[in-house]
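Remarks on the structure that follows.
Chain naming here is simple, since letters A, B, ... match the order of the sequence lines and numbering starts at 1 in each.
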Number of protein chains: 2
Amino acid sequence: MSEPASGGESLLFLTDEQLRKGIEAMFFAYRGFTADPDRILDGMDYGRAHHRAIHFIHRSPGTTVNNLLSILGVTKQSLNRVLRTLIDDGLVESRVGREDKRERHLFLTARGAELERELSDAQRARMRAAYRAAGPVAVQGFRQVLEAMMDPDQRRQYQTLKEGGA
Amino acid sequence: MSEPASGGESLLFLTDEQLRKGIEAMFFAYRGFTADPDRILDGMDYGRAHHRAIHFIHRSPGTTVNNLLSILGVTKQSLNRVLRTLIDDGLVESRVGREDKRERHLFLTARGAELERELSDAQRARMRAAYRAAGPVAVQGFRQVLEAMMDPDQRRQYQTLKEGGA
DNA sequence: CTTGGAAAGTCAACAAGGCTGACGTAACTT
DNA sequence: AAGTTACGTCAGCCTTGTTGACTTTCCAAG
């Protein structure tokens, strides 16, 4: 594997060292990314799994359990436990499907929406600060690299969500 | 279709919608980021925690337990469980400090280095593909945003590592 | 209409990997 | 000599992932 050192105008020659820095950047940044919601959830009886469920129910109200399952990439048993506590605590409402009674459609209640806002306000604040600090060009690149890093299935999910919400 | 002129150099007006996309990009990308090593570890008796320990021991051979603790951000009990299995299995060597005999300096054994290579080859391959697909400008932005997203302490850790390895 | 399979959800049990608290030992520092 | 630091360990807890087994519901083929 001998790369022709200079790839035209720019280097697409990536050393292990450069890649390692990228890997570590992901590791440390993800910690920051989850830190604020984690802090809020800590003390309540909820964790990161609850946050994720709440996020995607907020994002796609009326989504089915199965749908949520494939987005979150966990087993239905795992999701169910989280969902049950959220339903019992009155943060999420589960409505039996009108067409297919096997399905449950999920919605945030007023209280659920309130918690969602609190969590995502914190997370957005950090994201906004990072975006501002790095600037619009960097943000563009950030999104491009992240997208390229996803598995094809994940990318499809992400893009569906991306469009659906506009 | 009502994109508020998010043109290149313009103002940094960030809608909740734009920020939400960034948040979801992080979520999905991180899954991809960990997918390959997770797949390799699955079936062995190790998990993501072992991978992290191995990564940073490889990266800073001779590092102390305390040092590793602060990088990984877990408790010593948690790290100890992981470290013990790695030492027992002969992937990591723990040497009593020469200057300060309280300290233990950690090194990968040949077998440890072998597993490290296998794991990081997989992870680097994905990172390399993503970098190539997105291009050098995007990579630059990617790193900038991630860095801005870290907590100050994490950023310090990251930058120390960044320099140390060059 | 019935029957069989697929899909949605639930219950139970287990594992990984976080956490806290308490305690011990050796070695360094004051 | 006393106090602090680095490390290891035991015990127990929590969250969140897993599999396996089960019910209910729906749908389609016979």
Listed in order of residue number, which residues of residues 39-48 of chain A have a non-hydrogen atom at under 4.0 Å from DNA chain C?
-> none
Heavy-atom closest contact (B:G90 atom, B:T109 atom, distance) = O-OG1, 2.6 Å
Give a yes/no on whether any side-chain N or O of B:N66 is located under 4.0 angstrom from OP1 or OP2 of D:dC7.
-> yes
Starting at NZ of B:K76 and ending at P of D:dC10, how long is that distance when rounded to a whole Å?
-> 13 Å
Starting at CG of B:L69 and ending at P of D:dT5, how long is that distance when rounded to a whole Å?
-> 15 Å
Parallel, tilted or perpendicular: rings of B:H51 and B:H55 (30°, 60°) | perpendicular
For the student: nearest non-hydrogen atoms of A:R126 and A:R39, plus distance = NH2-NH2, 4.1 Å
Under the 3.5 angstrom rule, does the side chain of A:R155 hit a backbone N or O of A:E147 as a donor-acceptor pair?
-> yes
Nearest heavy-atom approach of A:S94 to A:L106 is CB-CD2, 4.0 Å
Separation of D:dC14 atom C1' from A:R81 atom CZ, nearest Å, is 11 Å
DNA chain D: 5'-proximal contact among B:N80 and A:A49 (nearest heavy atom) = B:N80
Provide, to the nearest angstrom, the distance between the CZ atom belonging to A:R84 and the C1' atom belonging to D:dT15.
-> 14 Å
Determine the contact category for A:T64: base if any of its heavy atoms lies under 4.0 Å from a base atom, sugar-phosphate if only primed atoms, P, OP1 or OP2 are that close, otherwise nothing.
-> nothing
Looking only at C:dT20, C:dG18, D:dT18, the nucleotide nearest the B:T75 side chain is C:dT20
For atom CG of A:L83 and atom C1' of C:dC11, their distance in whole Å = 16 Å
Could you tell me the separation between the CG atom of A:L79 and the P atom of D:dT16, rounded to a whole number of Å?
-> 12 Å
Does A:H50 place a side-chain N or O at less than 4.0 Å from the phosphate oxygens OP1/OP2 of D:dT15?
-> no
When clusters are formed by joining ILVMFWY residues with side-chain heavy atoms under 4.5 Å apart, either directly or through shared neighbours, do A:I57 and A:V96 land in the same one?
-> no
Rounded to whole Å, the CD-P distance (A:Q77 to C:dA13) equals 14 Å
Residues from residues 95-109 of chain A lying under 4.0 Å of DNA chain C - heavy atoms | A:R102, A:E103, A:R104
A:I87 has an atom CD1; how far is it from atom C1' of C:dT10, in whole Å?
-> 12 Å
Polar side chain donor-acceptor pair, B:H50 to B:T85, under 3.5 angstrom = yes
Is the number of heavy atoms from other residues, nucleotides or ligands under 6.0 Å of A:D88 CG greater than 12?
-> yes
Aromatic plane relationship, A:Y158 with B:F28 - under 30° parallel, 30 to 60° tilted, over 60° perpendicular | perpendicular
